[in-house]
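Note that this is a predicted model, so its numbers are computed, not measured.
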Amino acid sequence: MSEGQRRGEGRHSGQGAESAGTGVTTGALARRLGVSPTTLRTWDRRYGLGPARRETGHHRRWTERDIAMVEEMGRLTSAGVPPAEAAHEALKFLGPEAAPAQASVPQPRRVRSTPTPSPETFVRRQRGLSRAAVRLDAPAVQGLLTDMVESHSLVTAWQEVMVPALHAVGRKWEEAGDRYVEVEHMLSWHVSRTLHRCSTAPAAPSTTAPLVLACVPGEQHSLPLEALSAALGELGVPQRMFGAAVPVEAVSAAVRRTGPAVVVLWSQARSTASVPLARHIADARWGVRGARGRPTVMLAGPGWAGPAVRGALRPVDLREALTQIGRVCGAPAPEGGSV
């Protein structure tokens, strides 16, 4: 066999081995992780997080072991860990065999932890959550959301991390057309799942009439109302949550049947906000003559930025909504007090 034939056979056998599972290309791995190939090359050059096997004249191939390493790097940076520290931990994640590469990794500056998280902490967590969502890394998204609620309370997690992340993903979708619709849907679903988990505890028996929470007719964006429902559940405030796009007749019937102290009407867009509906609910009455009750109406959401309804509450965020409800119903104040 000639030398050329031997070289050709070697190339062919090498290609066969690669296709048999010896690794994936940088481009394929970038698509899998939801990052750019440039990011992977930067991690390799700056922190030593590259493929262990490099062959002259061939594209770099990432083995499952290499992939596990960069997946750990992505998980840590999504959680807000500085890149240098995340790289150090990702190399340790591989075990003792990765020890030689650790010498080239810059040692992170140790910062003394403080009881109150800094604004930068929330910014890092929000960016980490957004990146995990863009990668479609559902386990990471759910883990980050659960950890934030457990570490910072539901209200803080919602206002400081969940809402900014949802806005960031929404802007990305608007800028890129339909490319990120799946990202927004997945993130919204996991946020909703987290909020529902926070409100699964059974409410204690109460003689107080439950609040009524409803999105106005035509309004499909119910996540903020779900956040309010979950937060009220944590405070032990009885409520009836009716969800998205509730017909006028249904809201009216719920008010008459339950006699709530507060009716929360959520509107995300000005096109769905109905002042006549708000006035209709504010004028509702129940009970026997001489002892009739009437609700306080809370107009929640940016859709209500317009004509005022006399006597209606207009909170600017979740914490203020809880504070205003507490004043009406005598409920406990949210963590951190009023805004």
Side-chain angles (χ1 to χ4, degrees), residues 192 195-196 198-334:
S192 178
L195 295 173
H196 280 257
C198 293
S199 57
T200 53
S206 174
T207 58
T208 304
L211 278 61
V212 167
L213 280 61
C215 291
V216 297
E219 183 56 72
Q220 298 293 337
H221 295 82
S222 62
L223 270 183
L225 202 61
E226 292 176 35
L228 176 59
S229 175
L232 288 170
E234 284 195 336
L235 295 174
V237 178
Q239 58 182 289
R240 297 294 181 268
M241 169 64 162
F242 292 90
V246 184
V248 175
E249 298 79 8
V251 178
S252 300
V255 171
R256 291 195 305 270
R257 294 179 61 184
T258 61
V262 179
V263 177
V264 182
L265 299 175
W266 174 266
S267 171
Q268 179 72 23
R270 296 187 67 171
S271 60
T272 64
S274 170
V275 172
L277 168 63
R279 290 173 177 162
H280 172 70
I281 297 300
D283 291 338
R285 300 290 186 274
W286 58 81
V288 298
R289 181 174 298 180
R292 287 185 177 272
R294 61 181 298 179
T296 295
V297 173
M298 174 175 284
L299 304 179
W304 295 107
V309 175
R310 187 173 60 181
L313 303 176
R314 296 284 293 271
V316 298
D317 57 25
L318 174 58
R319 197 183 301 278
E320 186 173 1
L322 294 171
T323 299
Q324 292 179 352
I325 289 172
R327 290 172 183 156
V328 175
C329 302

Donor-acceptor pairs under 3.5 angstrom involving side-chain atoms of residues 296-311: please list them, not counting sequence neighbours.
from   : atom 1 : to     : atom 2 : distance (Å)
Trp304 : NE1    : Leu265 : O      : 3.0
Trp304 : NE1    : Ala300 : O      : 3.3

Next on the checklist: Which heavy atom of Arg285 sits nearest to which heavy atom of Asp283, and what is that distance?
Outcome noted: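 Smallest heavy-atom distance, with atoms named: NH1-O, 2.9 Å.
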Checklist entry - Which atom names give the shortest non-hydrogen contact between Ala209 and Pro238, and what distance separates them? => result O-CG, 4.4 Å
Item to check | Set of side chain to side chain donor-acceptor pair (under 3.5 Å) partners for Glu234, sequence neighbours left out | outcome: none
Next on the checklist: Once side chain to side chain donor-acceptor pair (under 3.5 Å) is applied, do any residues pair with Gln239, and if so which ones, sequence neighbours excluded?
Outcome noted: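 Result, side chain to side chain donor-acceptor pair (under 3.5 Å) vs Gln239: Ser229.
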Identify every side-chain donor-acceptor pair in residues 243-261 under 3.5 Å, counting partners at least two apart or on other chains, and give the distances.
from   : atom 1 : to     : atom 2 : distance (Å)
Ser252 : OG     : Val248 : O      : 3.1
Ser252 : OG     : His280 : NE2    : 3.0
Thr258 : OG1    : Ala254 : O      : 2.7

Item to check | With Arg270 via side-chain contact (heavy atoms from CB on, under 4.5 Å) - residues at least two apart | outcome: none
Checklist entry - Which residue, Val212, Val237, Leu211, forms the side chain to side chain contact (heavy atoms under 4.5 Å, CB included) with Val262? => result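 With Val262 as partner, Val212, Val237, Leu211 yield a single side chain to side chain contact (heavy atoms under 4.5 Å, CB included), made by Leu211.
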Taking only distance into account, with no hydrogens and no angle test, what donor-acceptor pairs under 3.5 Å do side-chain atoms of residues 213-228 form with protein atoms, sequence neighbours excluded?
from   : atom 1 : to     : atom 2 : distance (Å)
Glu219 : OE1    : Gln268 : N      : 2.8
Glu219 : OE1    : Ala269 : N      : 3.3
Glu219 : OE1    : Thr272 : OG1    : 2.9
Glu219 : OE2    : His221 : N      : 3.0
Glu219 : OE2    : His221 : ND1    : 3.0
Ser222 : OG     : Glu226 : OE2    : 2.9
Glu226 : OE1    : Ser192 : OG     : 2.6
Glu226 : OE1    : His196 : NE2    : 3.4

Item to check | Spacing of Leu235 atom CG and Leu322 atom CG [to the nearest 0.5 Å] | outcome: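 The CG atom of Leu235 sits 6.0 Å away from the CG atom of Leu322.
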Item to check | Close side-chain approach of Val328 and Leu313, heavy atoms under 4.5 Å | outcome: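 SC-SC contact between Val328 and Leu313 confirmed.
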